[in-house]
Amino acid sequence: GLDLFSSPEAFLSELDEGAAAEGKSRGFGWLQADLRMPLPPWAELQEACHLVGTHGGKYMYLCASRDMGYDGCKQSSDFSDYYGKPVYVCS
């Protein structure tokens, strides 16, 4: 394994590759989210996506499914763990 402290970029790259192999995204999570407003309850997330911040110049939305009208949806490990169900970050 890679040492986080001697090579953080390589370590994060390996994490991203592992997540991509599982079909999950580590590119946007707790650290990037603007959480001045709390995350919505699961029932609200099923009705509409929730803006959670910007990343790489794009607005990022938390969605309960991939087909809620946004592109580039990837399953989020962080937010799926939080809700206990698959949750997607879309742009």
Please tabulate, for side-chain N and O atoms in residues 83-91, each donor-acceptor pair with protein atoms closer than 3.5 Å (sequence neighbours left out).
{"residue": "Tyr83", "atom": "OH", "partner": "Pro40", "partner atom": "O", "Å": "2.5"}

| query | How far apart are the C-alpha atoms of Leu39 and Phe79, what are their side-chain angles, what is the distance that settles it, and do they pass the side-chain contact (heavy atoms from CB on, under 4.5 Å) test? | reply | CA-CA 10 Å; Leu39 292 176; Phe79 298 116; 4.0 Å; yes
| field | Between CZ on residue Arg66 and NZ on residue Lys74, distance to nearest 0.5 Å | value |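 Separation between the atoms: 10.5 Å.
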| task | For side-chain contact (heavy atoms from CB on, under 4.5 Å), just list the numbers for Leu62 and Leu51, CA-CA rounded to whole Å, side-chain angles, deciding distance to a tenth of an Å, and then say yes or no. | result | CA-CA 6 Å; Leu62 202 58; Leu51 179 65; over 6 Å; no
| field | Within residues 44-64 or reaching into it, pairs that qualify as side-chain hydrogen bond (donor to acceptor under 3.5 Å, both in side chains) - sequence neighbours excluded | value |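 Checked against side-chain hydrogen bond (donor to acceptor under 3.5 Å, both in side chains) - neighbours excluded - the pairs reaching residues 44-64 are Trp42-Gln46.
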| query | Cluster partners of Met68, using ILVMFWY side-chain heavy atoms under 4.5 angstrom, listed by chain and number? | reply |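 Via sub-4.5 Å side-chain contacts, Met68 links to none.
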| task | Please step through disulfide (SG to SG under 2.5 Å) for the pair Cys73 and Cys63, ending with a clear verdict. | result | CA-CA 8 Å; Cys73 294; Cys63 300; 5.2 Å; no
| field | Hydrophobic cluster identity match, Met60 and Tyr70, side-chain contacts under 4.5 Å | value |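 No: no chain of side-chain contacts under 4.5 Å links Met60 to Tyr70.
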